[in-house]
Amino acid sequence: MASISSPLTTNNVCASFSLFPPQTNYSKSKRRISKVSCNAADNNNNEDLNISKGNRRDVLIGLGGLGTAASFTYNPFAAFANPIVTNPKTCERPNLPAGAKPIPCCPPKIDSDKVNDFVFPTKLPQERVRKPAHLLTPQEAADYKEAIKRMRELSPDDPRSFTQQANIHCAYCHDSYVLKGSTAPPQVKVHFNWLFAPFHRWYLYFYERILASLINKPNFALPYWNWDHPDGMEIPAIFADRRSSLYNAKRNANHQPPVFIDLNWNKKDIDTSGDFADNLSKVYRNIAAVKASDTFFGLNFNQGGGKSAASGTLEQLHNTGHSWTGDPTDPNGEDMGSFYSAGRDPIFYCHHSNVDRLWTIWKDKFCGEDFPDDDYKNSSFLFYDENKNLVRVTTEQCLDPSKLGYKYMDVPLPWEFAKPKATTTKAQRLALPPTALNPPKLPLLLNSITSFVVKRPSKSRSKAEKKKKEEILVFEVALDKSKDVKFDVLLFWKDDPTKASPKNREFAGSFVNVSHAPSSKDLAVQYQIEISDLLEDLEADDEDNIEVTLVPRYGTVPVTINKADVVYQVLSSRKC
Ligand code: C2O
């Protein structure tokens, strides 16, 4: 069997990456947002709205209310919101997209008196090490398959069963948990907000404990799909073997090994295999380059103030893994391509294991910080444990994986320095006509490639100012969330927009939606991109306006851009 380290030597990768010079700017400061400024002038401090721990949600209302860079809607009532607390008695039938077979997603009926609060295991088995799925020993692979086989054999009404485990995702992602007495939002949602990372961490934790108990191996650890390394970019072989309990027929037939995942998939298999350099640039952009917690995790969600949904770069990156894996011949992309069905594919949990791992890496290596807010830390979810007891867990309890008894095997991060270079130099750019001259006519129906300019409230800021405040390009996007959507955002792009890829520095990011609960009542979502470093790299930091090009890639439903602004988020310096 392959040794752990040898398949992951990066010689081949690094050779191809010599065009991306090592960058170290991510490590200069450890930061988190402490307030948002909607006024660009750094010396105009009285325009800043101080956002302390207690009224953090006002930031979100603020972002939601941005009409121009200078407007800011302050919602005094939002400051009294509560953390999200899932009530087991309020689980209702899911709100599924059209065409989905109606299924009840709620857990088996319970007497809520019997909900136990989670306590950290006192007698932890030896720390569980989650390994890349392609590096499991034959014994580890056999254990994993056996555990899933036994999970599949449990009666469907056993809360530990394969069906019930899959239903957990459906219930939390399709509005089953009604928040009684709450007006906005009316249901618990774990996508497009800051609950995404902690919810999925807990989900995997109990799933792993159940699998461990089913094979009576307390040290069993869930592997991860190491799609951020070229050695792990194909669907791991253990999932593709038709005789394996890990196999699932509802996957894209064109995306079987040795085809690489395409983390920038546009639902077109032009050359079938994903481009690993694009993939690494994409991971660089969404993980290594991100400074602010809001940008990384998404915006807050709570009963009184969570009006401003936004997913972070972590969630955005993961979305494409769903769409790429699901079966395109199914109207809803089942299983992975739709959130109500995604948990039915065993690969879902390995995909999320990697997402969870990238969260730990962002904190440990790139100075990322979790939110300090009480309404974040006190948000709670319900899960059945390996003994079929219903357990209430909080976000705070999951922030340190070592307390939960697991860690991730370290492997090289070939994306760490995969920052692309600008395609055009400043001189070349200035010699060409501007991509656009006018601001967008809002609301803008995004049904074709569209360019416009966004005015910057400030330019050529000093290094110290940039360290204090990150420049953010923020869009408000209205869409039907039950439909898949992707559009790319290009800055100062002078070539054919359809040719831009993550290997171009001008490629600022992609907005990606994976079908989840229909959202006729939902408000528009925010999409924010950090641009301070990006504008420097494009030699465009002295420009008054940003030339933006939006490239719709898929999504047949109307997508509307309600707002497009530049704002400044205050980052507090930290030790790293
Ligand atoms: Cu709950 Cu991969 O999503």
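These numbers come from a predicted model, not from an experiment. Numbering of ligands and ligand atoms starts at 1, following listing order.
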At less than 2.8 Å, would any N/O/S atom of C173, backbone or side chain, sit next to atom 1 (Cu) of ligand 1?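 No - counting backbone and side chain alike, C173 has no N, O or S atom under 2.8 Å.
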Atom 1 (Cu) of ligand 1 to nearest N/O/S of H191 less than 2.8 Å: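 Here the distance criterion (N, O or S atom, under 2.8 Å) is met by H191, so yes.
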- request: Walk me through it: do W359 and F297 pass the test ring-ring contact (aromatic ring centres under 6.0 Å, His included)?
  value: CA-CA 9 Å; W359 174 10; F297 294 113; 5.8 Å; yes
By atom name, which N, O or S atom belonging to H318 lies closest to atom 2 (Cu) of ligand 1?
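Closest to atom 2 (Cu) of ligand 1 among those atoms: NE2.
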Exercise. To the nearest 10 degrees, could you say what angle atom 2 (Cu) of ligand 1 makes with NE2 of H352 and NE2 of H322?
Key: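 With atom 2 (Cu) of ligand 1 as the vertex, the angle is close to 130°.
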- prompt: Is a donor on one side and an acceptor on the other found under 3.5 Å between the side chain of S501 and the backbone of K503?
  reply: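 It does hold such a pair.
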Quiz prompt | Six-ring centre of Y406, R128 cation under 6.0 angstrom, axis tolerance 45° | solution =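 Relative to the ring axis of Y406, which defines the angle, R128 lies outside at least one limit.
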N/O/S atom of H169 under 2.8 Å from atom 2 (Cu) of ligand 1, yes or no?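 Not a single backbone or side-chain N, O or S atom of H169 is under 2.8 Å from atom 2 (Cu) of ligand 1.
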Chi angles and distances behind the ring-ring contact (aromatic ring centres under 6.0 Å, His included) call for F511, F475: CA-CA 10 Å; F511 174 90; F475 300 98; 9.2 Å; no
Looking only at the SG atoms, are C91 and C105 under 2.5 Å from each other?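 The answer is no, since C105 and C91 keep their SG atoms 2.5 Å or more apart.
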